[in-house]
There are 2 protein chains.
Amino acid sequence: MQQTTEQNIKVAVDTAVFTIADNHLAVLLVQMKQEPYVDLWAMPGGLITQEETTEDAALRMLREQTGVTDVYIEQLRTFDSPQRDALHRVVSVAYIALVPSADVTLQTTDKYKAVQWWDTGKLPPLAYDHPRMIDKAIRRLRAKVTYSNIVWSVLPETFTLSELQHVYEVILGKPIDKRNFRKKILSVGIVESTRQKQAAAAHRPAELYRFTHRLLKYIDIL
Amino acid sequence: MQQTTEQNIKVAVDTAVFTIADNHLAVLLVQMKQEPYVDLWAMPGGLITQEETTEDAALRMLREQTGVTDVYIEQLRTFDSPQRDALHRVVSVAYIALVPSADVTLQTTDKYKAVQWWDTGKLPPLAYDHPRMIDKAIRRLRAKVTYSNIVWSVLPETFTLSELQHVYEVILGKPIDKRNFRKKILSVGIVESTRQKQAAAAHRPAELYRFTHRLLKYIDIL
DNA sequence: ACAAAAGTGTTGTTACTACACCCATGG
DNA sequence: CCATGGGTGTAGTAACAACACTTTTGT
């Protein structure tokens with residue numbers, strides 16, 4: 001239900017892009033050039049255009065600002081404190097994205113001083129209300145991996161069960177029992193064996209698996 | 001991260017207000033007067049003002065349009081299809097509210113033809129993208145009652161366990177075993193006995209309970 | 001032969017489901 | 001004394017948690 005009133009509010013999107021880097025959960029940030037936020041870091045984002053959806057805007061900005069293309073993305077929530085941006089009233093729709101670390105060829109644009117992955121445990125000083133956004137994004141991500149199959153979006157086409165387990169351990173931030181994990185993950189049927197083995201490694205080669213569906217499915221996992 | 005661009009977008013809120021009416025889950029709707037939506041029904045809502053948050057706006061509109069005041073409210077998600085409103089580009093932040101049925105003294109304002117509760121199983125023709133919003137709201141509500149204590153917001157200060165069970169049955173749309181329900185609900189400790197009995201009824205009087213906390217808590221319930 | 005990760009079962013405990021009868025009160 | 005909803009326990013089943021050793025490969 002809408003009525004007409006005077007209003008001059010801008011609509012933006014901001015995206016928390018996550019990946020798995022070695023042994024930590026990493027988030028993609030850009031370092032700003034403009035006042036009043038010079039040198040602070042922020043999530044990639046910006047104002048939407050008149051005709052695009054917020055999701056399309058988020059995808060476009062990821063492409064333009066970071067070179068990231070094939071991503072899983074979902075809406076997190078909208079942040080709308082009147083003071084969240086120092087210059088204008090800006091309502092921001094926050095998104096979460098997950099990318100396979102391999103995919104990421106970071107672009108450095110002249111709009112920012114830098115574009116970089118940051119360990120979520122050691123974040124730099126952040127602009128706007130981005131600390132809170134990132135906190136909410138991590139909570140949602142942790143919850144969601146336990147009742148859906150979204151981890152497909154950080155893994156390559158084929159992978160070993162140990163790699164899969166490692167992804168869960170990094171996102172949840174705690175160790176998982178190997179035998180229980182394998183039993184559970186196989187029983188819920190989100191992955192299937194390729195009947196192929198990992199290429200040469202200095203140890204017994206692992207069997208390679210793939211996801212049965214590379215689409216969001218809701219299933220109790222951990 | 002924001003940059004300046006030409007943009008003329010309005011920001012609105014829409015709230016799905018739920019209550020328990022007899023044996024069904026009911027949602028509060030207003031019947032519209034303006035073109036092009038004459039006679040269609042919609043959730044209470046409207047444009048936010050320059051200085052208020054979307055949550056404050058949602059609460060204000062509930063007060064103004066329906067007389068509803070003491071409510072539990074939470075953000076659902078933002079709906080932003082460019083075509084969702086026929087006249088302007090309007091991005092709407094949708095909220096869910098829960099009210100005790102007793103509280104509700106519906107106001108009829110001259111802005112609408114009518115304000116009325118509707119059984120969620122038999123909804124009238126709806127304006128905008130409100131069918132989808134209501135569908136999402138019901139799903140979220142069903143999920144949330146199973147892992148939080150939010151049902152406190154539809155019950156009076158004291159209540160019987162049968163009344164509590166009835167609320168769950170209506171929201172979830174399925175019967176629940178009485179003995180298992182009581183065992184579980186008492187074990188998670190979200191309610192406590194008042195050591196008082198229900199006033200005269202034509203049957204054995206039930207013990208009255210109250211919620212230990214009338215704030216959102218996350219606990220596995222059903 | 002050694003290092004390094006892969007792979008595999010069992011047992012105890014806890015939570016969930018299904019199910020039927022007696023109790024207290026008002027009319 | 002009858003109708004109405006209130007209140008209670010148990011047994012079988014399924015899910016979860018804890019735990020250690022053998023296998024396969026490369027060097």
Side-chain angles (χ1 to χ4, degrees), chain A residues 20 22-23 142-143 145-149 155-156 158-170 172-210 218-222, chain B residues 20 22-23 142-143 145-149 151 155-156 158-170 172-210 217-222:
Chain A
I20 308 295
D22 304 320
N23 293 314
R142 290 209 168 122
V145 294
T146 69
Y147 63 83
S148 80
N149 66 344
L155 284 158
T158 65
F159 49 87
T160 69
L161 290 186
S162 295
E163 287 165 352
L164 180 58
Q165 179 176 342
H166 183 244
V167 169
Y168 277 99
E169 288 177 329
V170 166
L172 297 176
K174 66 180 186 195
I176 300 172
D177 179 86
K178 183 162 51 153
R179 282 175 286 194
N180 293 339
F181 176 78
R182 296 164 92 96
K183 234 178 301 170
K184 185 71 203 223
I185 216 74
L186 291 173
S187 79
V188 296
I190 60 170
V191 298
E192 61 190 10
S193 170
T194 63
R195 300 290 298 151
Q196 295 186 323
K197 298 267 173 181
Q198 201 178 29
H203 55 78
R204 174 171 176 180
E207 187 152 14
L208 291 170
Y209 287 78
R210 73 167 74 88
Y218 293 97
I219 310 250
D220 254 4
I221 298 189
L222 297 178
Chain B
I20 307 295
D22 302 319
N23 293 314
R142 290 210 168 119
V145 295
T146 68
Y147 63 83
S148 80
N149 66 346
V151 294
L155 283 160
T158 66
F159 50 85
T160 69
L161 291 184
S162 294
E163 287 165 353
L164 180 60
Q165 179 175 345
H166 183 243
V167 169
Y168 278 98
E169 288 177 329
V170 167
L172 297 175
K174 66 180 183 195
I176 300 173
D177 178 86
K178 182 164 47 155
R179 283 176 285 195
N180 295 338
F181 176 78
R182 296 164 91 95
K183 233 179 303 169
K184 185 71 203 221
I185 215 77
L186 292 173
S187 79
V188 296
I190 59 171
V191 298
E192 62 192 7
S193 170
T194 63
R195 302 289 298 154
Q196 296 187 320
K197 299 267 172 178
Q198 203 178 29
H203 55 79
R204 174 172 175 179
E207 187 151 14
L208 291 171
Y209 288 78
R210 73 167 73 87
K217 295 242 179 258
Y218 293 97
I219 309 252
D220 253 5
I221 299 190
L222 297 178

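Quick caveat, the model's predicted, so the values are computed rather than measured. Labels below follow one simple rule: chain letters A, B, ... track the order of the sequence lines, proteins then strands, and each chain is numbered from 1.
The residue among Pro205(B) and Asn180(A) whose nearest nucleotide of DNA chain C is located toward the 5' end is Asn180(A). Nearer to the 5' terminus of DNA chain D, by closest-nucleotide assignment, is the contact made by Leu222(A) (compared with the other of Arg204(A) and Leu222(A)).
Put simply, the side chain of Thr146(B) gets close to the backbone of Ala143(B): a donor and an acceptor are under 3.5 Å apart. One N or O on the side chain of Asn149(B) and one on the backbone of Lys217(B) form a donor-acceptor pair closer than 3.5 Å. When atom types are taken as modelled, the side chain of Gln165(A) and the backbone of Ile176(A) share a donor-acceptor pair closer than 3.5 angstrom.
To the nearest angstrom, P of dA5(C) lies 18 Å from CG of Leu164(A). As rounded to whole Å, 12 Å separates atom P of dG7(C) from atom CZ of Phe181(A). Atoms NE2 (His166(A)) and P (dA5(C)) sit 12 Å apart, rounded to a whole Å. Regarding Lys178(A), its NZ atom lies at a distance of 11 Å from the C1' atom of dA4(C), rounded to whole Å. Per the geometry, CG belonging to Leu186(B) stands 16 Å off C1' belonging to dC16(C), to the nearest Å. Atom P of nucleotide dA15(C) and atom CD1 of Ile219(B) are separated by 14 Å, given to the nearest angstrom. As a whole-Å value, the separation of Lys184(B) NZ from dA18(C) P is 15 Å. If you measure from atom NZ of Lys197(A) to atom P of dA6(C), you get 11 Å, rounded to the nearest angstrom.
From Arg182(B), atom CZ reaches atom OH of Tyr209(B) across 6.5 Å, with rounding to the nearest 0.5 Å. Rounding to the nearest 0.5 Å places CG of Asn23(A) at 4.0 Å from NE2 of His166(A). With rounding to the nearest 0.5 angstrom, the CG atom of Leu208(A) is 6.0 Å from the CD atom of Gln198(A).
Among the heavy atoms of the strands, none lies under 4.0 Å from Gln198(B). Contact annotation for Lys183(B): base contact, defined as any heavy-atom pair under 4.0 Å involving a base atom.
When DNA chain D is scanned 5' to 3' for any atom under 4.0 Å from a heavy atom of chain A, the first and last hits are dC16(D) to dG26(D).
For the residue pair Leu222(B) and Leu172(B), the shortest heavy atom distance occurs at CD1-CD1, 3.6 Å.
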How is the base pairing of DNA chain D summarised as a dot-bracket string, given the Watson-Crick and G-U wobble criteria with both distances under 3.5 Å, [ ] for crossing and | for another strand? |||||||||||||||||||||||||||
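Classification of Lys174(A) and Glu169(A) as a salt-bridged pair fails, no side-chain N sitting under 4.0 Å from a carboxylate O.
For Arg179(A) against dA6(C), no side-chain N or O and base N or O form a donor-acceptor pair under 3.5 Å.
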Take Glu207(A) and Ser193(A) through the side-chain hydrogen bond (donor to acceptor under 3.5 Å, both in side chains) test and state the conclusion after the steps. CA-CA 7 Å; Glu207(A) 187 152 14; Ser193(A) 170; 2.6 Å; yes
